[in-house]
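Working notes, structure below.
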Amino acid sequence: MTTLKTHTCGQLRSEHAGQTVTLAGWVHRRRDHGGLTFIDLRDRWGVTQVVFNPDTSAESHALGRDLRAEYVVRVKGNVRRRPPGLENPSLPTGEIEVVAQEVETLNPAKTPPFYINEDTPVDEALRLRYRYLDLRRQRMQRNIILRHEVIKFIRDFLVQEGFVEVETPILFKSTPEGARDYLVPSRVHPGNFYALPQSPQQLKQLLMVAGYERYFQIARCFRDEDQRGDRQPEFTQLDVEISFVDRDDVMDIIERLYTAIVEQVSDKELLFKPFKRLRYHEAMERFGTDRPDMRFGMELTDISDIAAECDFRVFSETVASGGLVKGFKATGCGGYSRKQIDELNALVREFGAHGLAWLALEGEAEIRSSFAKFLTDEQVQDIVNRLGSKPGDLLLFIADRPEIANESLSRLRLALGERLGLRDSNVLALCWVTDFPFVTWDEEGQRWDPSHHLFTAPMDEDIHLLDADPGRARGKQYDLVCNGYEIAGGSIRIHRRELQEKVFSLIGLTLEEARQQFGHMLEAFEFGTPPHGGIATGIDRWVMLLADEPNIREVIAFPKSQSAADLMADTPSPVSEQQLKELHLKLDL
RNA sequence: GGGCCCGUGGUGUAGAUGGAUAACAUAUCGGCCUGUCAAGCCGAAGAUCGCGGGUUCGAGUCCCGUCGGGCCCGCCA
């Protein structure tokens, strides 16, 4: 295999019996019986039991007794079928053992700060500080290798489909829209900065101008925003762009790719094949969010019309002022105590809702409710019927501005789905969300913001709305959603200068600003740009879902902490005066 | 910028209402042990309770601050 080892620790079987082999790896466990010592020797491929017997070699038996956990050792010995009854069926190599003839410690190890040989919970700060040890553990080895397999599969698949992988710069240009940029000062150009790419968006479009037609890249992207469990300052996208396509072409490629990954690389079950498709408005109506978890029901129902006419002021006044009253039934939660309902109430308040209206159907005719006393029996019955409720259900409602009602109900739905065990992590519910609004109104900035990004094309039939009623125009955008996570987003792009300039001005860029920031794009669109579109998928989130992990740090070899620090290398860290001077920088702390 | 949770031997935890030698498991070290595979048995060592201040006769426990980690809001086209 290599100079130092002839076989891996996961390789030997009974047919190797009689061979002399040399293994090398880490001491996983030691079982010292005094006269007889066993070690489990581990490498990336598995674990093999090594026996040290003084009858075979007194010298190696003596050396073997001194081995400790995580020592790196090399063992030469004879493969022997284990004596009958002593096989270990839980180990792939459990039919055999290696009888040590020679042992060499390649490097001893201090006692590790946490267990390498079992997947017990460890304080995450400690894991990150000793990430190289954490990465030795089974959980991380499994995740990192799964990640590799997914990326390998993607490359093979897309190459097969005629795609070309092209690298784009890490040092690029800061642009005004989107997330905060990571900046890199230029030594050669005093006072000027590069920005690390938030995505290779512009570059991949320029590759379409350049005629590559089918591009992809496993691209590192950078965004200087605060962390979440599913957000890191640097993360990896599968970036794809194709020429001469419409939405369905892009969606089809990605759908085939993701289906194949689930079926061939993971042990997960695909709930929808083909993937479900939802329009944005439908997603908002039924789930209150544009990234619904479709593994379970409990869909939202609008009761604004009933609420408008009732004597419960919270309901009627909300509707009168343009708000919504919506809710859903939590199946089987009719017995929830006041305390449990108060917890749900606290949850929706976090998302801006004023409160939770509830109605519990305990028995056949027994009703507990926070609001039913203000309604006629008929109105209550209408609500109960509309939600298709049965005894034992708990009906939960929010009356608020549409954004708040939808947001808080969607969160509440997820929380209840979790409690009721409806979010089976072995199931992947992939769905496309399409027909997004082209732009959304930003109250604070008093301007239109692109829903996706600056280069997304509006629907052809909605182009006329860009002047008349921009809020009603739809974009050629599509998101891929899995189990409540947005795992990809893409669009058909604008490929004509006039339309691009029109969109720039719609979102408030002056012609001057547009040409300064995006002149290279506008210019390129005048040199024969094919219609094109593409998508960017979040590799980290996708592997996280496939690996059944609660956050993306678990599928990134060297992730950063919530405060964007690397606890192992202890960075960010100060630099010398000399370095600052060369970069023409002065600190103002 | 804000809210919440966590920090106790190497590791994982216990330690209501403040009370005397800070408990348990495991790891570590030593002894015994020739068929274990989470080996077993016996013994030992190991903790300024994240750090700083305060309240108190007395603080792991209460208060304030601070550092580190996590979850979330804002933010993330």
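The analysis underlying the following values was restricted to heavy atoms, covering all of them including side chains, and did not include hydrogens, waters or symmetry mates. Each chain gets a letter, A, B and so on, in the order the sequences are listed, and its residues count up from 1.
For B:G58, there is no paired nucleotide, since no Watson-Crick or G-U wobble pair has both relevant distances below 3.5 Å.
The shortest distance between the side-chain N/O atoms of A:R68 and the OP1/OP2 oxygens of B:C29 is below 4.0 Å. In terms of phosphate contacts, A:R349 brings no side-chain nitrogen or oxygen within less than 4.0 Å of OP1 or OP2 of B:C73.
Put simply, the side chain of A:R129 and the base of B:G68 share no donor and acceptor less than 3.5 Å apart. Below the 3.5 angstrom threshold, one finds a donor paired with an acceptor across the side chain of A:R80 and the base of B:G35. A donor N or O paired with an acceptor N or O is not found under 3.5 Å between the base of B:U34 and the side-chain atoms of A:R31. If you check distances only, the side chain of A:R82 does reach the base of B:C37 with a donor-acceptor pair under 3.5 Å. With hydrogens and angles left out, the side chain of A:R411 and the base of B:C73 share no donor-acceptor pair within 3.5 Å. No hydrogens or angles were tested; on distance alone, nothing pairs the side chain of A:R29 with the base of B:C37 as donor and acceptor under 3.5 Å.
With sequence neighbours excluded, no residue forms a side chain to side chain donor-acceptor pair (under 3.5 Å) with A:Q101. Remark: A:Y182 engages no residue in a ring-ring contact (aromatic ring centres under 6.0 Å, His included) (not counting sequence neighbours). Scanning for salt bridge (Lys or Arg N to Asp or Glu O under 4.0 Å) contacts around A:R496 gives an empty result, with sequence neighbours left out. Annotation: ring-ring contact (aromatic ring centres under 6.0 Å, His included) contacts of A:H354 (sequence neighbours excluded): none. Checked against side chain to side chain contact (heavy atoms under 4.5 Å, CB included), A:Q11 has the following partners two or more places apart in sequence or in another chain: A:H7, A:T8. Here A:E513 pairs with nothing under the salt bridge (Lys or Arg N to Asp or Glu O under 4.0 Å) rule; sequence neighbours left out.
Using a 4.0 Å heavy-atom cutoff across all strands shown, A:G229 reaches sugar-phosphate atoms only and no base atom. Contacts of A:R127 with the nucleic acid, taken as non-hydrogen atoms under 4.0 Å apart, are absent. Using a 4.0 Å heavy-atom cutoff across all strands shown, A:E97 reaches at least one base atom of the nucleic acid. Contact annotation for A:T56: no contact, since no heavy-atom pair falls under 4.0 Å across all strands. Heavy atoms of A:L567 sit under 4.0 angstrom from primed sugar atoms or phosphate atoms, though from no base atom.
Environment of CZ in A:F558: crowded, with over 12 heavy atoms of neighbouring residues, nucleotides or ligands closer than 6.0 Å. Under a cut-off of 6.0 angstrom, the local environment of CD in A:Q446 is crowded, with over 12 non-hydrogen atoms contributed by other residues, nucleotides or ligands. Summarising the local packing, CZ of A:R419 is surrounded by more than 12 heavy atoms from other residues, nucleotides or ligands at distances under 6.0 Å. Atom CZ of A:R129 has 12 or fewer neighbouring heavy atoms from other residues, nucleotides or ligands inside a 6.0 Å radius. Heavy-atom neighbours of A:R472 CZ from other residues, nucleotides or ligands within 6.0 Å: at or below the threshold of 12.
Within residues 447-454 of chain A, the residues approaching RNA chain B are A:P450, A:S451, A:H452, A:H453, by heavy-atom distance under 4.0 Å. Less than 4.0 Å separates RNA chain B from at least one heavy atom of each of the following residues of residues 555-564 of chain A: A:S561, A:Q562, A:S563.
The nearest whole Å value for the distance from the NZ atom in A:K110 to the C1' atom in B:C29 is 17 Å. Between A:H61 atom NE2 and B:U36 atom C1' there is a gap of 13 Å when expressed in whole angstrom units. The separation between A:D570 atom CG and B:C67 atom P is 15 Å, rounded to whole Å. A:N53 has its CG atom 13 Å from the C1' atom of B:U36, to the nearest Å.
Closest to the side chain of A:R228, out of B:A77, B:G74, B:G35, is B:G74. Checking B:G74, B:C33, B:C71 against every side-chain atom of A:R553, the shortest atom distance belongs to B:C71.
The pair A:R180-A:E225 meets the salt-bridge criterion, since a charged nitrogen lies less than 4.0 angstrom from a carboxylate oxygen. Under a 4.0 Å N-O distance rule, the pair A:D467/A:K502 qualifies as a salt bridge.
More than 90° away from 0 lies the glycosidic angle of B:A22, which makes this nucleotide anti.
Checked against a 6.0 Å centroid threshold, the rings of A:F518 and A:F455 count as neighbours.
Both A:S90 and A:A125 sit near RNA chain B, but only A:S90 has its closest nucleotide nearer the 5' end. Remark on RNA chain B: of its neighbouring residues A:F38 and A:E407, the 5'-side contact belongs to A:F38, judged by nearest-heavy-atom nucleotide.
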Short N/O separations, protein against nucleotides 11-15 of chain B, under 3.5 angstrom:
unit_1 : atom_1 : unit_2 : atom_2 : d
B:U11  : O4'    : A:P113 : O      : 3.4
B:G12  : OP1    : A:D123 : N      : 2.6

Tabulated below should be each protein N or O lying under 3.5 Å from an N or O of nucleotides 40-46 of chain B; please produce it.
none

Protein N or O to nucleotides 49-52 of chain B N or O, pairs below 3.5 Å:
none

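Sorted by first and then second residue, the salt bridge (Lys or Arg N to Asp or Glu O under 4.0 Å) pairs involving residues 230-241 of chain A (not counting sequence neighbours) are A:K204-A:D239, A:K204-A:E241, A:R220-A:E234, A:D230-A:R541, A:E234-A:K560, A:E241-A:R493.
Partner of A:N143 under the side-chain contact (heavy atoms from CB on, under 4.5 Å) criterion, chosen from A:R137, A:Q138, A:M544, A:E549: A:E549. A side-chain contact (heavy atoms from CB on, under 4.5 Å) with A:F52 is found for one member of A:E59, A:R30, A:H61 and no other, namely A:H61. Partner of A:L324 under the side-chain contact (heavy atoms from CB on, under 4.5 Å) criterion, out of A:N406, A:L409, A:D400: A:N406 alone.
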